[in-house]
Protein chains: 2
Amino acid sequence: MDKKKKKLLETKGFKVGSVDEFLGLSREESEYIELKLALSQSLTETRKKKKPTQAQLAKMINSSQSRVAKMEKGDPSVSVDLLVKSLLAIGVDKKSIAKAIA
Amino acid sequence: MDKKKKKLLETKGFKVGSVDEFLGLSREESEYIELKLALSQSLTETRKKKKPTQAQLAKMINSSQSRVAKMEKGDPSVSVDLLVKSLLAIGVDKKSIAKAIA
DNA sequence: AATAAATATGTCAAATCTGACATTTTGTCA
DNA sequence: TGACAAAATGTCAGATTTGACATATTTATT
């Protein structure tokens with residue numbers, strides 16, 4: 001799949017609402033992006049609720065501030081795996097993850 | 001996290017039910033494993049319902065039969081990303097994915 | 001039982017993702 | 001305004017994941 005497109009859409013401006021078929025995105029592509037955005041948002045929300053800074057969260061999940069920033073920004077270099085692991089690490093359970101992406 | 005443990009638990013025998021604290025697994029670890037297993041199972045189920053063989057599915061998602069087999073078996077070398085992408089490719093939508101892991 | 005079809009397992013080079021670091025931008029408070 | 005903290009962005013070597021292939025095992029079909 002075209003990385004440019006993905007990068008474009010995962011960037012500011014498209015945080016909210018559905019990206020369905022904005023540009024020739026297939027159903028799978030847009031759902032995948034939406035799913036990642038949902039996880040990103042959930043991570044940001046949860047972190048802010050719980051208090052810590054990106055740097056502190058980074059320590060909890062032994063990662064780095066810059067990677068946390070990328071996660072929260074929906075950077076294409078971040079995998080769903082990492083998002084899920086981070087959410088679990090920060091105390092969000094499966095059920096809540098499911099709710100976030102539903 | 002200990003890869004041996006993960007490998008062990010993701011192997012036959014533990015497809016059903018909760019793996020919580022069987023061996024010293026943390027909450028995050030067990031939830032992560034359970035989440036992956038849920039996706040694996042969902043993939044197998046959906047594929048069988050929809051008809052194609054692993055080889056045919058592999059083509060649809062341009063992967064290979066062997067990797068599909070690993071996905072369905074919950075092999076540790078398979079990422080959540082790939083599982084999610086495969087589910088989406090086979091026609092399962094976000095909502096159903098959410099339901100599967102809830 | 002024999003054959004074929006489907007699935008499982010092992011391996012590996014190439015591709016992707018990762019933490020870490022440096023640097024820049026944005027936000028906050030005096 | 002300036003100075004300080006938090007967040008964002010770029011880069012990259014090392015780690016992990018990938019498709020592909022070979023091969024073995026299981027399952028169906030005759």
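All heavy atoms count here, side chains included; hydrogens, waters and symmetry mates do not. The chains referred to below are lettered A, B, ... by the order of the sequence lines, with proteins before strands, and numbering in each begins at 1.
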Dump every N/O contact between nucleotides 13-15 of chain C and the protein below 3.5 Å, one line per pair.
none

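- In plain terms, the two heavy atoms of Ser64(A) and Ala58(A) that are nearest each other are C-CB, 3.4 Å.
- Of all non-hydrogen atoms in Ile90(B) and Met60(B), the two that sit nearest each other are CA-CE, 4.3 Å.
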Using a cutoff of under 3.5 Å, can you pull out all pairs of nitrogen or oxygen atoms linking the protein to nucleotides 25-30 of chain D, with atom names and distances?
none

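- Residues passing the salt bridge (charged side-chain N to carboxylate O under 4.0 Å, His left out) test with Lys94(A) are Glu34(B), sequence neighbours excluded.
- When every heavy atom of Gly91(A) is checked against every heavy atom of Lys50(A), the shortest pair comes out as CA-NZ, 4.1 Å.
- The shortest heavy-atom contact between Asp75(B) and Lys36(B) is O-NZ, 4.2 Å.
- Among Ser40(B), Ser86(B), Ser77(B), the single residue meeting the side chain to side chain contact (heavy atoms under 4.5 Å, CB included) criterion with Met71(B) is Ser86(B).
- The CG atom of Asp75(B) sits 14 Å away from the C1' atom of dG19(D) (whole-angstrom rounding).
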Nucleic acid footprint by protein, nucleotides 18-30 of chain C - heavy-atom cut-off 4.0 Å, B for base, S for sugar-phosphate alone: BBBB---------
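- Of the possible donor and acceptor atoms, one in the side chain of Asp81(A) sits under 3.5 Å from a partner among the backbone N and O of Val80(B).
- Judged as a salt bridge (Lys or Arg N to Asp or Glu O under 4.0 Å), the pairs with a partner in residues 37-47 of chain B (not counting sequence neighbours) are, in order, Arg47(B)-Glu72(B).
- No side-chain donor-acceptor contact under 3.5 Å links Arg27(A) to the backbone of Ala89(B).
- Partner of Gln41(B) under the side chain to side chain contact (heavy atoms under 4.5 Å, CB included) criterion, chosen from Leu43(B), Leu37(B), Thr44(B): Leu37(B).
- In this structure, Leu82(A) and Ser79(A) approach most closely via the heavy-atom pair N-OG, 3.1 Å.
- Remark: the backbone N or O of Glu28(B) is not paired with any side-chain donor or acceptor of Lys85(A) at under 3.5 angstrom.
- Each end of the helix from dA1(C)-dT30(D) to dA30(C)-dT1(D) gets its own axis, taken as the rotation carrying the C1' atoms of four end pairs onto the next four within a five-pair window, and the two axes meet at 60° to the nearest 10 degrees.
- Across Ile97(B) and Leu88(B), no two heavy atoms sit closer than the pair CD1-CD2, 3.8 Å.
- Leu57(A) has its CG atom 17 Å from the C1' atom of dA5(D), to the nearest Å.
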